[in-house]
Amino acid sequence: MANLVLDSFLSRSKSIAQAKQIQAHLITTGQFQFPICPSRSKLLELCALSLGNLSFAVDAFRQILTPSTNDWNAILRGLIQSPAPVDAFSWYKTMLRTSCRVDALTCSFVLKACARVLARFESCQLHSHVVRKGFIADSLLGTTLLDVYAKVGDLDSAEKVFDEMVMRDIASWNALISGFGQGDRPNEALALFKRMESDGFKPNEITVLGALAACSQLGAFKEGEKIHGYIKDQKLDTNVIVCNAVIDMYSKCGLVDKAYSVFEGMSCMKNRVTWNTMMMGYAMHGDGHKALELFQQMGHAGVTPDAVSYIAVLSSCNHGGLVEEGYRLFNSMESCGVTPNVKHYGAMVDLLGRSGRLQEAYEVINSMPMVPDMILWQTLLGACKTYRNVEMAEVVSWKLVEMGSKHDGDFVLLSNVYAAHERWTDVGRVREAMMSRNVKKVPGVSYIETKGMVHSFYNGDKSHENWREIYGQLDEIGFRIKEHGYVAETSCVLHDIGDEEKEHVLCHHSEKLAVAFGLISTDEGTPIQVIKNLRICGDCHAVIKLISKIYNREIVVRDLMRFHRFKDGSCSCGDYW
DNA sequence: CTAGGGTTAG
């Protein structure tokens, strides 16, 4: 059989039986043990990739006396997609010990494995190999390298690789923009997006995805609208992934109706992600009924729900207060072919906790078929706090401490509970646990977009150019809400300070600063929208409710979990969050 | 045609 015929046979093979035939042919003709045998490498790749049978490929590989670079690469590539991409590292190390040459592709595949397992240290090591072996000028590899750095969360290194690249093309820009957009530098993603045009690159569908992710994160709807305009102009909305990202952006920027009109008017085929994204949008806004309606419609449209669809409906039941409906859906999952995972159990714990059924929530966690993670316990802890169940809060908090939590909130509540009961020895134990594992406090930050500019505020921030006016506005707010009977709820502040000072700390939470800035920098009656990186605190929630009434403003706050729409003194979340 | 950048999740 001529190799041309063999290759076409290879590319049409759909089963291991056929692969075995080809292997047998290579062995009988003696080609299988050639130092270089392209058909053999292709065969390995076919088995490891398209046929998804890595172990067959590995068995065949082990029979090769002197594997070529391409043979190694085929296995490495298969490992990236396997359930254990870490194994790529030991294979790579073994390869380095042989006399076989490592090429740029080898590095590329191992780097991809680093991204999949979020291996920062290994990414760095691979970077030095790339330099030492002289591949650093390879622009494709350079883009992979920068993308991997971004994916493992090292944005500084990603940026450095980008800056030092000899040849940058659209993919290099896209990798950095989406790295920034999905990471913690969304403002820079938007800046790069604007800069690339002046560098002579035209944003394509992948570029806009990165920029939209940045807008979603920032809640920058003016920017998001502009990008949506560009997408329509350039007809990039024929791509379903782009449409999904637009829907997600509008939802996350608080414009769920706009999200729906995009959803409704799509010119391309909706896929399952489209439906899931729209349902998540309604979930975030607390509109459980609309999400459930979509869930029905999705079924009628012949799209079967997957694990994410159930997360979407369960969390919309949560945010919409539809406890019984959520319970029913959860119980129907198995019969619809979806096995609940830890996130579904998380949604159930939230649902039960929200309705005050703490004991049942506790039992769900203890009877789950998988190992409970920290988020589950944190969810239950939140419910304990809402329902002031001190006994369970204590049990759950120590569980979290045992599990090695480094989240300050898990300690603060416990410490407060003990302090309230004047159990100072226990307060000391908690403090000690916090010190010994250097619990880091995630700083609260809120964003507000006015006139196309995103302003950010930290707690007690005085770096804004108008900070004096903002604090003046806060003082006025403080004065007016007290007239309406407001009393500071200080229990959520830790620290050994007097009540008056606690009040002061609460006063300057980032979301209050952003709202105050919104009040003075926008026209009367204009809705104010704020994005916060943490969950909104109880005091801010109470204060903003009053502001919405006293100043006659609609105020929308997106926190880590959902949207709060404040109007006439009440909030769309119904005071449970 | 062995390579790089892409959507939803408690």
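Quick note on labels: first sequence line is chain A, next is B, and so on, each numbered from 1.
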Figure out the [atom1]/[atom2] separation between [X] and [N], and round it to whole Å.
{"X": "A:Phe180", "N": "B:dG6", "atom1": "CZ", "atom2": "P", "answer": "14 Å"}
{"X": "A:Trp377", "N": "B:dG10", "atom1": "CH2", "atom2": "C1'", "answer": "15 Å"}
{"X": "A:Leu10", "N": "B:dC1", "atom1": "CG", "atom2": "P", "answer": "16 Å"}
{"X": "A:Gln182", "N": "B:dT7", "atom1": "CD", "atom2": "P", "answer": "5 Å"}
{"X": "A:Arg562", "N": "B:dT8", "atom1": "CZ", "atom2": "P", "answer": "20 Å"}
{"X": "A:Asp147", "N": "B:dA3", "atom1": "CG", "atom2": "P", "answer": "16 Å"}
{"X": "A:Leu380", "N": "B:dG10", "atom1": "CG", "atom2": "P", "answer": "18 Å"}
{"X": "A:Ile170", "N": "B:dG6", "atom1": "CD1", "atom2": "P", "answer": "13 Å"}

Would A:Arg354 and A:Thr386 satisfy side-chain hydrogen bond (donor to acceptor under 3.5 Å, both in side chains), going step by step from the backbone distance to the final call?
CA-CA 8 Å; A:Arg354 149 184 302 261; A:Thr386 304; over 6 Å; no

Quick one: sort the A:Tyr260 and A:Tyr282 rings into parallel, tilted or perpendicular, breaks at 30° and 60°.
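Because their plane-to-plane angle lies in the 30° to 60° range, the rings of A:Tyr260 and A:Tyr282 count as tilted.
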
Give A:Val342 one of three labels, base, sugar-phosphate or nothing, depending on what nucleic acid heavy atoms sit under 4.0 Å from its own.
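The residue A:Val342 makes base contact.
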
Which part of the nucleic acid, if any, lies within reach of A:Ser172 when heavy atoms closer than 4.0 Å are counted: base, sugar-phosphate only, or nothing?
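Base contact.
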
Quiz item: [X] side-chain donor-acceptor pair to [N] base, under 3.5 Å:
{"X": "A:Asn239", "N": "B:dG6", "result": "yes"}
{"X": "A:Thr144", "N": "B:dG4", "result": "no"}
{"X": "A:Asp169", "N": "B:dG5", "result": "no"}
{"X": "A:Asp138", "N": "B:dG4", "result": "no"}

Between [options], which nucleotide gets closest to the side-chain atoms of [X]?
{"X": "A:Asn244", "options": "B:dT7, B:dG4, B:dG10", "value": "B:dT7"}
{"X": "A:Asn271", "options": "B:dA9, B:dG10, B:dT7", "value": "B:dT7"}
{"X": "A:Asn174", "options": "B:dA9, B:dA3, B:dG5", "value": "B:dG5"}
{"X": "A:Lys151", "options": "B:dG6, B:dA3, B:dA9", "value": "B:dG6"}
{"X": "A:Glu205", "options": "B:dG6, B:dG10, B:dT8", "value": "B:dG6"}

Examine B:dG4: is either OP1 or OP2 under 4.0 Å from a nitrogen or oxygen in the side chain of A:Lys112? Give yes or no.
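Result: yes.
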
With a cut-off of less than 4.0 Å, is there a side-chain N or O of A:Lys252 near OP1 or OP2 of B:dA9?
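Yes, such a contact exists.
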
How about A:Tyr345 and A:Phe330: are their ring centroids closer than 6.0 Å?
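Yes - the distance between ring centres of A:Tyr345 and A:Phe330 falls below the 6.0 Å cut-off.
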
Between the side chain of A:Asn331 and the main-chain N/O of A:Tyr327, is any donor-acceptor distance below 3.5 Å?
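Flag set: sc A:Asn331 to bb A:Tyr327 pair under 3.5 Å.
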
Quick one: does any side-chain atom of A:Asp147 pair with a main-chain N or O of A:Ala150 as donor and acceptor, under 3.5 Å?
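Answer holds: no.
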
